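We name chains A, B, ... by the order of the sequence lines, and we start the count at 1 in each one. In this text, all values refer to a predicted model and were calculated from it rather than measured experimentally.
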There are 4 protein chains.
Amino acid sequence: MKSFRHYKNDKYLRAEENRRELGFGKQVNPHVRLVNRDGTFNVQRIGGSFWGRINLFNRLVTCSWNQFFMVVLIYFVVVNIVFAIIYNLVGVEHLQGVDLSTPFTRFWDAFFFSAQTITTVGYGHIAPKGLLMSIVASAESLLGLMGFAIATGLLYGRFSRAQAYILYSDKAVIAPYLDMTAFMFRIVNERSNQLIDLAVEVNLSMLEINEHGKTHRTYTRLHLERSQVNFFPSSWTIVHPITDESPLFGLTQAQLIEKQAEFLILVKATEDTFNQAVHARTSYHAKEVVYGAKFVSMFQEMTDEGVLYLDLNKLSETTEVPLVSSLYPDSDA
Amino acid sequence: MKSFRHYKNDKYLRAEENRRELGFGKQVNPHVRLVNRDGTFNVQRIGGSFWGRINLFNRLVTCSWNQFFMVVLIYFVVVNIVFAIIYNLVGVEHLQGVDLSTPFTRFWDAFFFSAQTITTVGYGHIAPKGLLMSIVASAESLLGLMGFAIATGLLYGRFSRAQAYILYSDKAVIAPYLDMTAFMFRIVNERSNQLIDLAVEVNLSMLEINEHGKTHRTYTRLHLERSQVNFFPSSWTIVHPITDESPLFGLTQAQLIEKQAEFLILVKATEDTFNQAVHARTSYHAKEVVYGAKFVSMFQEMTDEGVLYLDLNKLSETTEVPLVSSLYPDSDA
Amino acid sequence: MKSFRHYKNDKYLRAEENRRELGFGKQVNPHVRLVNRDGTFNVQRIGGSFWGRINLFNRLVTCSWNQFFMVVLIYFVVVNIVFAIIYNLVGVEHLQGVDLSTPFTRFWDAFFFSAQTITTVGYGHIAPKGLLMSIVASAESLLGLMGFAIATGLLYGRFSRAQAYILYSDKAVIAPYLDMTAFMFRIVNERSNQLIDLAVEVNLSMLEINEHGKTHRTYTRLHLERSQVNFFPSSWTIVHPITDESPLFGLTQAQLIEKQAEFLILVKATEDTFNQAVHARTSYHAKEVVYGAKFVSMFQEMTDEGVLYLDLNKLSETTEVPLVSSLYPDSDA
Amino acid sequence: MKSFRHYKNDKYLRAEENRRELGFGKQVNPHVRLVNRDGTFNVQRIGGSFWGRINLFNRLVTCSWNQFFMVVLIYFVVVNIVFAIIYNLVGVEHLQGVDLSTPFTRFWDAFFFSAQTITTVGYGHIAPKGLLMSIVASAESLLGLMGFAIATGLLYGRFSRAQAYILYSDKAVIAPYLDMTAFMFRIVNERSNQLIDLAVEVNLSMLEINEHGKTHRTYTRLHLERSQVNFFPSSWTIVHPITDESPLFGLTQAQLIEKQAEFLILVKATEDTFNQAVHARTSYHAKEVVYGAKFVSMFQEMTDEGVLYLDLNKLSETTEVPLVSSLYPDSDA
C-alpha cells in the first residue's frame with residue numbers, strides 16, 4: 001500500500017467518483033433482477049430487532065384490502081376468544097344475564113359479551129357484576145377503544161397515502177422515431193386524480209467486462225427526448241433516441257440479454273388531490289423489449305361533446321413496424 | 001428511413017426537444033378546451049381496473065359536502081335494510097324485545113336494532129339471543145366500527161386537504177399598462193388563511209399551421225412583469241406586458257378566437273396553516289378576454305382603526321379604458 | 001399613450017420588474033403595520049361565499065384550546081336541546097323509561113336520552129319505541145358518529161399541524177458588532193422538538209418620497225452575516241451588519257420612525273418530529289428597535305453532568321452598550 | 001471602537017461569514033458532546049410557557065410504546081377515580097342499579113359506571129337518575145369521546161410519523177481504501193420500506209487554538225467519495241478519503257481525542273410508503289473511531305431463488321486490516 005496521495009491527481013479516486021451508482025452496490029448476481037416490475041427490490045432483511053423486521057404499521061398500510069380486513073377479522077375473533085376464556089376463568093356467574101346451563105352457553109355468552117364490550121355496543125342484557133369481572137370488562141372496553149383508534153389510523157393511512165398509480169406498458173419497444181431509432185415505453189395515470197409536474201429518469205444497467213477481465217455492472221443515464229411534462233391528463237410515451245452517443249447504439253436484443261441489460265425507470269410527480277410528492281419505479285429487462293413495434297393511440301374516436309376517451313386497456317397495444325435494415329448502419333459518425 | 005445520425009446535429013430531434021410541451025399531446029380538437037375553468041381536463045378514462053376507475057377515496061374526498069353526507073346517509077339506510085333482512089331471515093324471535101306482532105314491526109324493530117348496533121349505541125331494549133343471531137350482531141358492530149373509522153378518515157381527508165382556494169377574475173383583460181398594453185387577470189385568496197411564496201406561470205396555447213399546412217398546437221410561456229410574491233394578503237393582478245416579443249403582439253380578439261387561443265394558468269403556493277404546497281390551475285379562453293378594460297380596486301375606503309377591507313365581490317369588476325387606436329402600431333421595432 | 005415598445009429597452013418596465021415587491025401592493029397607509037408581531041396581516045375579507053369567509057375548519061384548527069373546547073361544549077348542549085325539543089314534539093311517551101310526570105322531567109329526560117344517543121353511550125334505561133321516535137334516535141346516533149369523526153379530525157389537525165414555535169426577542173437592537181455596528185434580533189425554539197435547516201430572511205420596508213414627490217413604500221432585503229444554520233438547539237442571534245451599503249446606514253431611530261420603517265422577518269425550517277416544512281414570520285417596527293443594547297447570554301452556568309440549560313425567559317434581556325459617538329461617522333467611504 | 005467600514009473590505013466580517021457554523025454557537029464545553037448517538041442535543045430548555053415546555057403532543061408521539069400505553073392506562077384509571085368521587089359526592093343513590101350496601105361497593109360501582117360511560121359502552125345495568133347525576137354522566141361521556149378522539153390522533157401521529165429508521169455501525173473505522181486511507185462508517189435501513197434519494201453529509205468538529213491562544217470549535221465538511229444514492233435496498237458504506245486536503249490527514253486517534261473531534265452525520269432521504277422527506281442524524285466521537293478495521297459484507301451466501309439476504313446483525317462487524325506503517329507518510333504533497 002502506498003502513502004497518501006494528492007486528491008485531485010488520484011485517478012482511481014476520480015474514477016470511483018465518476019462511476020454512476022444508484023445504490024445497488026457492486027455485487028453481480030446474474031439470477032437477480034435489480035428492480036422488479038412492481039418496483040420492489042430483491043433484498044430481504046434478516047436479523048435486527050423484531051419490530052423493525054415485521055414493520056407492522058407499514059405492512060398493514062401497504063397490504064391489500066382483502067388482507068387488511070382479514071387481519072382485522074382474525075384479531076377481533078381471537079381477542080374475543082381470549083376474553084371469553086378470561087371471563088370463564090373469573091367465573092361467568094359474575095356476568096348477569098348469561099345462560100349458565102352448559103359450558104357451551106357459558107363460553108359463547110362470554111364471547112358475545114366480550115364482543116359487545118370491545119365494540120362499545122354494550123346492550124346490557126349481559127352485564128358484569130363484582131369487582132374482578134368489572135375490572136376485566138373495563139380493561140376490555142379500553143382495549144377496544146385503543147384498537148379502534150389504531151384501526152382508524154390504519155384506514156386513514158391506507159386511504160391518504162399519496163401514490164402514483166402509474167401503469168406502465170408491459171413491454172418497451174425499439175421503433176423508428178423521426179429519422180432514427182428510439183427506445184420507448186408508455187405510461188398512463190390509472191386514476192382520474194391528476195398528477196402534475198411529472199418527471200421521468202431512465203437508467204440502463206448492463207454487465208460489462210473491465211480491463212482486468214472482471215465482470216461489473218455499469219449504470220448509464222439515458223438521454224430522453226423529453227423528461228418532464230407539466231400535466232399528465234392522457235398517456236405519455238417516453239422516448240430515448242438511439243443516437244451514436246447512446247449505450248444502446250448498435251446493440252441487438254441478443255446482446256442486450258447477454259449483458260443482462262435492465263432499464264431502471266424512476267417517475268416523480270405531484271399528486272393533485274393532496275398536493276404531495278409521489279414516486280414510482282419499475283424496470284424493463286432486456287427480454288421485455290420488443291424490437292420493431294410501436295404503440296397505437298389510446299384515444300377513442302372523439303365524440304361530439306368534445307370529451308376525449310382514453311382506453312387504458314390499450315396501454316400495451318403495439319403494431320409491428322419495420323426497423324432499419326441493419327442496426328449497425330454505415331454510420332456517418 | 002435513414003441511418004442513425006449524430007445526435008447534436010439532428011435538427012428534427014432538437015426541434016422536438018425545444019418544442020414546448022405541457023403534456024397535452026399533439027391531438028388537435030377544436031371542440032375541446034385543454035383546461036376547464038375549474039382546472040379539470042377534458043379526458044375521460046375507460047377500461048382499466050374497476051377500483052382504479054371509480055377511485056372511491058378520491059371522489060369522496062373531493063366531492064361536495066352535500067354529496068358526501070348524502071352518500072353517508074344512503075350507506076347507513078341501505079346497510080340497515082340489509083341487516084334487517086338478515087335478522088328476519090335468522091329469525092327475529094332471537095332478538096329479545098322485538099315486537100313480533102306483525103311483519104311490519106318485525107322488520108322495523110330489526111332495522112332499528114341494526115341501527116343501534118352499527119352506531120354502537122346499543123340501548124339494549126332489543127338484544128340478540130342465541131348463537132347465530134349473536135354472531136350476526138357482533139359482525140355488524142365490527143362493521144359499524146370499521147365504517148365509522150373510514151368516515152373519520154374521509155372527513156379528516158376532506159378537512160385537511162391543503163387547497164389553494166384561489167378565486168380568479170371571470171375575465172382576463174387587455175388594457176394599457178405603463179406606456180404599452182398588457183394582458184392581465186386578477187386573483188385573490190378566498191380564505192383568510194394565508195398563502196405564501198405564491199408563483200404564477202402563464203402559458204398561451206394557439207393553433208398554428210406549420211410549413212406543411214398541418215394544424216398543430218403551440219405552447220408559449222408568457223413573460224410576466226412579476227411572477228412571484230412572498231405574501232398574498234390582498235389581491236394580485238398578474239401582468240403580461242405585450243411587447244413585440246409577445247406572441248400576443250398585434251393580435252385582435254377575432255384572431256385569438258380563430259387560433260383557439262387558451263391561456264393556461266398555473267399557480268403554486270404554500271398554505272400557511274398546515275405548511276403544505278398547494279397547486280391551482282385554470283384557463284382563459286380567447287372569448288374570455290376583454291379588450292379595453294381594467295380592474296377596479298378591491299379595497300374599501302380605509303377605516304380609522306387601520307384595517308384594510310378587501311371586497312371579494314369586486315374581483316371581476318372592471319371599467320372601460322380606451323386602448324391605443326390601433327393594435328397594429330407603427331411599431332418602432 | 002404611446003405605441004408598443006421594445007421590451008428590453010423599456011426603462012419603465014424594467015424598473016417595475018426590479019422593484020422588490022413582497023405582495024403587499026402599493027397602498028400607503030400610515031396607520032397600518034404590514035405584518036403584526038404575531039405574523040398576521042391587517043387585511044380583512046368581505047364579500048365572497050359564506051363558507052369561504054368563515055373558513056370553519058381553519059378557524060377550529062388555529063383557535064386556542066379554550067376556544068376549541070368551548071365550541072365543542074356549546075355544540076353538544078345546543079344539539080341536545082334541539083333534539084330534546086324534537087323528542088317532545090314527537091311525543092316523549094314513545095321513549096320508554098322517561099318520567100312523564102312534569103314538562104320539566106319530560107324535557108330533561110329527553111335531553112339526557114339525546115346525550116346518551118349522540119355519544120353512543122346508550123345505557124338503555126330510556127329507549128325509543130315506535131317508528132318515528134326510532135327514526136329520530138337513529139338519525140341522532142348517526143349525527144353523533146359524524147360529529148365525533150369531525151372532532152377527531154379537528155383534534156388531529158390541531159395536534160399534528162407542523163408549526164415553528166419560534167419565540168422572537170421583544171425588541172431588535174442596534175449594537176456594536178466586530179468593529180462596526182449591526183442590527184440584531186434573537187430567536188429561540190420554544191419547544192424541545194428540533195428545527196433543522198433554519199433559514200431567515202429580513203426585509204426592510206420604508207416610506208420614501210420619489211422624484212415626483214409621491215410617497216411610496218420600498219422594500220429592501222437586508223444582507224445577513226449568516227442567514228441559515230443546520231441545527232437550532234439553542235438561541236440564534238440574527239445579525240445584519242450596518243455597512244455603508246445597508247439602507248440603515250446613518251439613520252437615527254427618529255428617522256426610522258418617520259419613514260415608518262418595518263423589519264419583516266421570515267423564518268423557514270424543517271420540523272424534526274414530523275419532518276415537515278414550517279414557516280414563521282413577524283416584524284419589528286422602528287419603535288421596537290433599541291439603539292445601544294445587546295443581548296445577554298441565555299445559557300445558565302454549565303453543570304457537571306455536561307448539560308447546557310437554556311433559559312427562555314432571558315430571550316429579550318439586554319444590557320446597555322455604548323454606540324459609536326456618532327451614527328454619522330466621518331465615513332471613509 | 002472604530003467607525004463604519006466598507007463592507008467588502010472588512011476582513012473580520014468576511015471571516016465571520018466564511019466560518020462554517022452548524023448552529024451550535026461558540027461555547028466550548030469539553031464535557032458535552034454536540035450530538036448524541038441517538039441524534040439528540042445536550043441542551044435543556046428552562047423558563048418559557050408551561051405548555052411550550054412540556055410539549056405534550058410531541059412527547060406522546062415520540063415516547064416509547066410502553067410509555068404511551070402506560071400514560072393511557074394511568075389517565076383512564078385516574079379519570080375514573082375522579083368521576084367515582086364526583087358521583088359519590090352527588091350521591092350514588094341517583095345511580096339506579098348501584099349496590100348501596102357499603103361505601104366500598106358505592107365507590108366501585110360508581111367507578112365502573114364511570115368506566116362504562118367514558119368508553120361509551122353503557123351497558124345500562126347502572127344508569128343515572130335525576131338532573132345533576134345525568135348532567136355529570138353526560139359531561140363524562142363527552143369527555144370520553146374527546147379523550148378517545150385525542151387518542152386516535154396520537155396513535156395516528158405515532159404510526160404515520162415519517163421516520164428514517166437508519167441503523168449506524170457502532171463504530172466508524174479508518175481503513176485502507178483504494179491506494180490511500182479513508183474514514184468510513186456504514187448505514188442500513190432497518191425497515192423493509194424503502195428510502196430513496198438518500199443524501200449524507202459529514203461534518204468534523206474539532207477544538208482548535210487560534211492565534212490569540214483561545215480555544216474554539218471549528219467545523220469542516222468532509223468530502224465524501226459518494227454523498228448520495230438513488231436507492232438504498234442494502235447497506236451503504238460512506239467513505240471519506242483522507243487525502244492531504246482532509247482535516248484528518250496525519251492525525252492519530254490520540255490527537256483526535258485531544259481535539260474532542262466529533263463527526264456529525266446528517267442523513268436526508270425520502271420515505272417511499274408515504275413519500276415524505278425524512279431526516280436522521282448521529283455523531284461519532286473520536287473514541288468511537290477504530291483505526292485499522294474494515295467492515296465485513298452483510299450479505300449472506302446467495303440462494304438459488306435469486307434473493308439476497310442482508311443480515312442486519314452484521315452491521316458493525318469488522319475485521320482488522322493493517323494500516324500504512326505510518327500515518328505520517330513521507331508525503332509527496
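Across B/G144, B/S134, B/G97, B/A127, the residue that shares the most heavy-atom pairs under 4.5 angstrom with chain A is B/S134. For the options B/L264, B/L266, B/L142, B/I118, heavy-atom pairs under 4.5 Å to chain A are most numerous at B/L142. For the set A/T152, A/V77, A/V121, the entry with the most heavy-atom pairs within less than 4.5 Å of chain B is A/V121. Of the listed residues A/F148, A/F111, A/F69, A/F104, the one with more heavy-atom pairs under 4.5 angstrom with chain B than any other is A/F148.
Residue B/S141 touches chain A through both its backbone and its side chain, counting heavy-atom pairs closer than 4.5 Å. For chain B, the nearby part of A/T270 is the side chain; its heavy atoms alone come within less than 4.5 Å. In this structure, the portion of A/F232 lying under 4.5 Å from any heavy atom of chain B is its backbone and not its side chain. Heavy atoms closer than 4.5 Å to chain A are found in the backbone of B/I126, but not in its side chain. Of the two parts of A/W236, neither the backbone nor the side chain holds a non-hydrogen atom closer than 4.5 Å to a non-hydrogen atom of chain B.
Note that the OH atom of A/Y156 and the OH atom of B/Y156 stand 5.5 Å from one another [nearest 0.5 Å].
For B/F113 and A/Y123, the gap between ring centers is short of 6.0 Å.
Side chains of A/H125 and B/P128 form a contact here, defined as non-hydrogen atoms less than 4.5 Å apart. Between B/K268 and A/D197, some side-chain heavy-atom pair lies under the 4.5 Å cut-off. No side-chain heavy atom of A/R191 sits under 4.5 Å from any side-chain heavy atom of B/N58. In this structure the side chain of A/T119 never reaches within 4.5 angstrom of the side chain of B/T117, judged on heavy atoms.
The two atoms that bring B/R281 and A/I196 nearest to each other are NH1-CG2, 3.7 Å, heavy atoms only. Contact detail for A/L155 and B/M146: the closest heavy-atom pair is CD1-O, 3.9 Å.
Remark: B/E93 CD is packed, more than 12 non-hydrogen atoms of other residues, nucleotides or ligands lying under 6.0 Å away. By the 6.0 Å contact criterion, NZ on B/K129 is enclosed, its count of non-hydrogen atoms from other residues, nucleotides or ligands being greater than 12.
Ring geometry for A/F159 versus B/F57: interplanar angle under 30°, hence parallel rather than tilted (30 to 60°).
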